[in-house]
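Notes to accompany the following structure.
When a ligand or atom number is given, it counts from 1 through the structure's own listing order.
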Amino acid sequence: MSSPTFKPVSVRAGVNIALIKYWGKAKDQENLPAVGSISMTLRDLFTQTRISVSPDDSDHFELNGIPTRDPRVFKLLDQVRTRAGIDQPMQVVSQNFVPTASGLASSASGSAALVTAAWKFLTDRDEWTEVIDIVRKGSGSAPRSLLGGLVELDKARGEIRQLSPPEAWPLSMVVAQLSEGAKATSSRHGMAHTRATSIYYDAWVQAHPYDLARAREAIERQDLEQLGTVMESSTMRMHACMLGARPPLIYWNARTLQVIELVHTLRKSGVGAWYTMDAGPHVKILCLPDDAHDIRHAIDASGVSLKTTIDSMGDGVCVQ
Ligand code: DP6
């Protein structure tokens, strides 16, 4: 019997930024979140991953041109092989068009691109439940990068659904990069620490469904003020929850507060701008495309940001 021939597969997956945050995992589940979340998939920050047949008997992984032995990547490839029932070593070449591990969600786009590419490479079958399940193990927020526009991830079964496609309600995000290099505490470790020690953790989980409902309603009505307001609130509650841990967990730096203050000033002058931060100091500002250039200009004029970019809503994973 002849062995199957494998064609190289290339996949692009956009970074996603949570509007309503996921922070904390369900007990004893395979990386299922303790809370649901809603995100926006970006167009210009993304990971591109190409998979082809390995030149030898083992897997190879290259990230941004550097051969890397990242156990998380090899574990995900093992899971894809097991579920696909095909034992084929792979060569993975990945490029992150986003700063790696800095709190700009490169692990989410990375897992989404890697698992989709490996699955399509081995099977060419469109079994998305399998893909979602494996992607989630790479990163809890990663399944959201499989879809474009505004996306909800359900906490119970980890399912994803698109709440609004990019063309229905185009929004922008101004990304202010406020540090260089990788973050000190991974999200995974930070979440476990928060759940184990924060006196605010239970309150965070209990109050969360209300924020999801407010955001869904805002998206349905295309009400940016309501969406921005609930996004800021979800952001601050997540960070408050981390501050309640022992020792406290702080992902911000001094520049983060300066940008928040600037957003408040912009809003007072009538510009529709709302901020959000994740497991890193950077601030992402949600706005209408027409306001994005003025917001970027204001941030650059303040001299706080190392690099400021404007991004818009992107599509889900694209297989080439
Ligand atoms: C603050 O998905 O990176 O960005 O599941 O442990 O891989 P793991 O965590 P990850 O956490 C993302 C946390 C967040 C909020 C969010 O994106 O919802």
Side-chain angles (χ1 to χ4, degrees), residues 13-42 45 47 70-73 75-76 79 96 98-115 132-147 150-155 158 160 163 173 175 182-196 198 201 204-205 208-209 211-212 215 230-243 245 249-252 256 275-284 286:
V15 158
N16 76 76
I17 302 296
L19 311 183
I20 304 301
K21 306 293 181 181
Y22 143 56
W23 193 255
K25 296 173 198 296
K27 273 194 190 123
D28 308 321
Q29 302 281 345
E30 288 184 295
N31 212 27
L32 268 178
V35 292
S37 52
I38 293 177
S39 62
M40 169 169 156
T41 302
L42 300 185
L45 291 179
T47 303
D70 185 338
R72 291 171 308 174
V73 167
K75 223 168 128 187
L76 286 175
Q79 288 177 10
N96 264 344
V98 48
T100 303
S102 67
L104 277 174
S106 61
S107 68
S109 54
S111 300
L114 177 79
V115 175
I132 293 168
D133 238 38
I134 308 170
V135 165
R136 189 187 66 239
K137 288 171 193 151
S139 177
S141 59
R144 299 186 313 228
S145 280
L146 295 171
L147 299 177
L150 298 172
V151 179
E152 175 161 10
L153 194 155
D154 172 63
K155 76 170 170 137
I160 43 169
L163 297 177
M173 222 167 234
V175 180
K183 60 192 171 197
T185 311
S186 70
S187 303
R188 199 153 290 205
H189 179 77
M191 282 186 208
H193 175 65
T194 309
R195 196 181 81 180
S198 176
Y201 184 74
W204 155 252
V205 173
H208 203 275
D211 286 352
L212 286 170
V230 71
M231 177 185 78
E232 283 188 358
S233 168
S234 178
T235 301
M236 289 318 226
R237 285 176 171 191
M238 177 182 76
H239 285 280
C241 192
M242 299 177 196
L243 290 176
L249 188 55
I250 307 174
Y251 283 106
W252 303 356
T256 310
Y275 61 79
T276 188
M277 294 81 64
D278 293 289
H282 320 295
V283 181
K284 282 82 74 173
L286 182 67

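- For the side-chain contact (heavy atoms from CB on, under 4.5 Å) criterion with Leu32, the lone passing option out of Lys137, Lys155, Lys25, Arg136 is Arg136.
- No side-chain donor-acceptor contact under 3.5 Å links Trp23 to the backbone of Met242.
- Thr47 and Asn96 are linked by a side-chain donor-acceptor pair at a separation below 3.5 angstrom, with hydrogens and angles left out of the test.
- Counting the atoms of ligand 1 from 1 in the order shown, those under 4.0 Å from a heavy atom of Met191 are 9 (O), 11 (O), 13 (C).
- Polar contact with ligand 1: present for Tyr22 (N/O pair, distance under 3.5 Å).
- His239 places no side-chain N or O within donor-acceptor distance of the main-chain N or O of Trp252, the cut-off being under 3.5 Å.
- Which parts of ligand 1 touch Ser187 is read off a 4.0 Å heavy-atom cut-off, strictly below it: atoms 3 (O), 9 (O), 10 (P), 11 (O).
- Taking a cut-off of under 4.0 Å to the non-hydrogen atoms of Ala279, the atoms of ligand 1 that pass are 1 (C).
- Just one of Val151, Ile38, Thr41 meets the side-chain contact (heavy atoms from CB on, under 4.5 Å) condition when paired with Asn16; it is Thr41.
- Close contacts between ligand 1 and Ser141 involve ligand atoms 2 (O), 10 (P), 12 (C), 17 (O) [criterion: under 4.0 Å to a heavy atom].
- The closest approach between a heavy atom of Ala108 and any atom of ligand 1 is not below 4.0 Å.
- Applying the 4.0 Å criterion to heavy atoms of Asn31 picks out, from ligand 1, the atoms 5 (O).
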ask   = Passes side chain to side chain contact (heavy atoms under 4.5 Å, CB included), Trp204 versus Lys21? Steps please.
value = CA-CA 10 Å; Trp204 155 252; Lys21 306 293 181 181; 3.9 Å; yes

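- The shortest N/O to N/O separation between Lys25 and ligand 1 falls below 3.5 Å.
- Here's the thing with Arg188: one of its N/O atoms is less than 3.5 angstrom from an N/O atom of ligand 1.
- The two atoms that bring Gly36 and His208 nearest to each other are O-CE1, 2.8 Å, heavy atoms only.
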message = Assess the residue pair Thr185 and His193 against the criterion (side chain to side chain contact (heavy atoms under 4.5 Å, CB included)); give the C-alpha distance rounded to whole Å, side-chain angles, the decisive distance to 0.1 Å, and a yes or no.
response = CA-CA 10 Å; Thr185 311; His193 175 65; over 6 Å; no

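- In terms of polar-atom proximity, defined here as any N/O pair under 3.5 Å, Met238 makes no such contact with ligand 1.
- The shortest heavy-atom distance from Arg144 to ligand 1 is under 4.0 Å.
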